[in-house]
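In what follows, a single structure is set out as structure tokens and then discussed.
Everything numeric in this text was worked out from a predicted model, so none of it was measured. Order of appearance sets the numbers: ligands from 1, and atoms from 1 within every ligand.
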Amino acid sequence: MKKIQKIIRKKNKSKIVCLTAYSKNFAEEIDKYADITLVGDSLGSVLYNYSTTRKVTLTEMINHSKSVKSGIKKSLMVVDMPYKSYDTSNLALKNAKKIIKETKCDAVKLEGGKKILKQVKLLIKNKIPVMGHLGLLPQSVKGKFKSKGKTIREVNKLINDALLLQQSGVFSIVLECVKTSVAKRITQKLNIPTIGIGSSVYCDGQVLVTDDLLGLNQTKIKFVKKFINIKKYINFGVRKFTSEVRSRKYPTKKYSY
Ligand code: KIV
């Protein structure tokens, strides 16, 4: 709970940094800098080439989260509850307990607002910290990914959902692809932090899929800034190894028993 309070206290003071991790090696580096390490169900598209996050299973989330946990020393670890794992409140509680018990994570994240309030309330009543997720909800998208908050109806729904989630006790809310003006209004209205992804600088923090910012994915999403092209380095290492094996330069005595 101390870690959660620390995140909440950052609102209006310092920006919150959140990044995704699906394995130990990535988690170790992210943990050195980020406030929150998120095991996102985006692992479905990033690692498994699934067409939708709906295909991600609870077992996949738990296995990757165990690996991530082994690389974490200080950041708050949040795990996405996969599609269909929180359809009813009892199912949500059973699965959230399983996630917490097996992965030792600090909190879970659920997508949605009013529709999932019963689930959120029951988890919080059972002392399971919850992160909300509003705006573009990948688990609900059937067609194209579109930004949210373009019509008055959408704006009112977003604000209402954010307030309802806050009243239910979530400790922060991810705002995905929400129009700048709307993300700003929501962030100002809430006492808990908003974590934006494609939702402007006005959010209290930012999250990105780590593979995207490292240039590992070929995605051309508007909000993704490639901070480095890691593929180039992977290519370099693999090419060097290949060349040294073929020219018998590797392994020398130093690398042999
Ligand atoms: O699944 C995920 O990685 C996420 C973040 C992008 C917010 O939900």
Side-chain angles (χ1 to χ4, degrees), residues 7 15-23 26-27 30-31 34-58 60-65 67-68 72 75-86 95-96 99 103 105-113 116 120 129-141 145-148 158 161-162 165 170-178 183 186-187 192-200 203-214 216-217 219-227:
I7 298 290
K15 291 283 184 186
I16 298 163
V17 175
C18 176
L19 282 171
T20 62
Y22 316 127
S23 63
F26 273 68
I30 289 162
D31 187 62
D35 304 295
I36 303 171
T37 303
L38 170 68
V39 187
D41 61 356
S42 51
L43 64 82
S45 46
V46 176
L47 301 182
Y48 295 102
N49 206 26
Y50 294 161
S51 53
T52 158
T53 56
R54 288 181 175 209
K55 293 188 180 162
V56 175
T57 65
L58 190 65
E60 285 166 343
M61 290 308 297
I62 289 175
N63 287 343
H64 284 282
S65 299
S67 173
V68 167
I72 288 191
S75 61
L76 182 92
M77 180 177 159
V78 181
V79 174
D80 260 345
M81 291 198 70
Y83 183 60
K84 288 277 172 209
S85 71
Y86 53 101
N95 287 329
I99 293 174
T103 73
C105 69
D106 301 295
V108 292
K109 176 163 81 60
L110 281 70
E111 291 183 11
I116 58 152
V120 170
V130 176
M131 180 184 242
H133 186 150
L134 293 174
L136 191 144
L137 307 177
Q139 290 177 9
S140 310
V141 175
F145 279 28
K146 286 182 192 148
S147 63
K148 298 286 168 185
L158 278 167
D161 277 346
L165 283 175
V170 304
F171 70 89
S172 69
I173 302 175
V174 166
L175 295 179
E176 181 161 356
C177 298
V178 173
I186 293 173
T187 302
I192 52 165
T194 58
I195 313 289
I197 173 158
S199 302
S200 88
C203 293
D204 298 301
Q206 297 295 324
V207 56
L208 272 185
V209 168
T210 304
D211 293 60
D212 285 345
L213 78 88
L214 297 179
L216 277 166
N217 288 332
T219 43
K220 283 204 174 72
I221 305 169
K222 181 176 165 69
F223 58 76
V224 172
K225 177 173 174 181
K226 291 194 173 142
F227 289 81

Please list the nearest protein heavy atom to [atom] with its residue and the distance rounded to 0.1 Å.
{"atom": "atom 6 (C) of ligand 1", "result": "Ile197 CD1, 3.6 Å"}
{"atom": "atom 5 (C) of ligand 1", "result": "Leu38 CD2, 3.7 Å"}
{"atom": "atom 8 (O) of ligand 1", "result": "Lys109 NZ, 2.8 Å"}
{"atom": "atom 2 (C) of ligand 1", "result": "Ser42 OG, 3.3 Å"}

Next on the checklist: Can you tell me how far apart CG (Leu38) and OG (Ser65) are? Round to the nearest 0.5 Å.
Outcome noted: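 Result: 9.0 Å between the selected atoms.
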Item to check | From OG1 (Thr194) to CD1 (Ile186), nearest 0.5 Å | outcome: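 Between Thr194 OG1 and Ile186 CD1, I get 8.0 Å after rounding to 0.5 Å.
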Next on the checklist: Minimum heavy-atom separation for Ser85 and Asn95, please, with both atom names.
Outcome noted: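 Shortest heavy-atom contact: O-ND2, 2.9 Å.
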Next on the checklist: Tell me the contacting part of Asp80 for ligand 1: side chain, backbone, both, or neither, using a 4.0 Å heavy-atom threshold, strictly below.
Outcome noted: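 Only the side chain of Asp80 comes within reach of ligand 1.
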Checklist entry - Heavy atom under 4.0 Å from ligand 1: found in Thr20's side chain, backbone, both, or neither? => result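 For Thr20, only side-chain atoms sit under 4.0 Å from ligand 1.
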I'd like to check which ligand 1 atoms, numbered from 1 as shown, lie under 4.0 Å from a non-hydrogen atom of [X].
{"X": "Gly40", "answer": "1 (O), 2 (C), 3 (O)"}
{"X": "His133", "answer": "8 (O)"}
{"X": "Asp41", "answer": "1 (O)"}

Checklist entry - Can a non-hydrogen atom of Glu111 be found less than 4.0 Å from any atom of ligand 1? => result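 For ligand 1, residue contact (heavy atoms, under 4.0 Å) with Glu111 is absent.
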Next on the checklist: What I want to check is whether the side chains of Thr219 and Asp212 have a donor and an acceptor closer together than 3.5 Å.
Outcome noted: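 Indeed, the side chains of Thr219 and Asp212 share at least one donor-acceptor pair under 3.5 Å.
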Checklist entry - Do we see a donor-acceptor contact under 3.5 Å between the side chains of Ser42 and Tyr22? => result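 Their side chains do contain a donor-acceptor pair, which is all the 3.5 Å distance test asks for.
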Checklist entry - What residues, two or more places apart in sequence or in another chain, satisfy salt bridge (charged side-chain N to carboxylate O under 4.0 Å, His left out) together with Asp35? => result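 Partners of Asp35 under the salt bridge (charged side-chain N to carboxylate O under 4.0 Å, His left out) test: Lys10.
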Next on the checklist: side-chain contact (heavy atoms from CB on, under 4.5 Å), that's the test. Do Val68 and Phe26 meet it? Break it down for me.
Outcome noted: CA-CA 8 Å; Val68 167; Phe26 273 68; over 6 Å; no
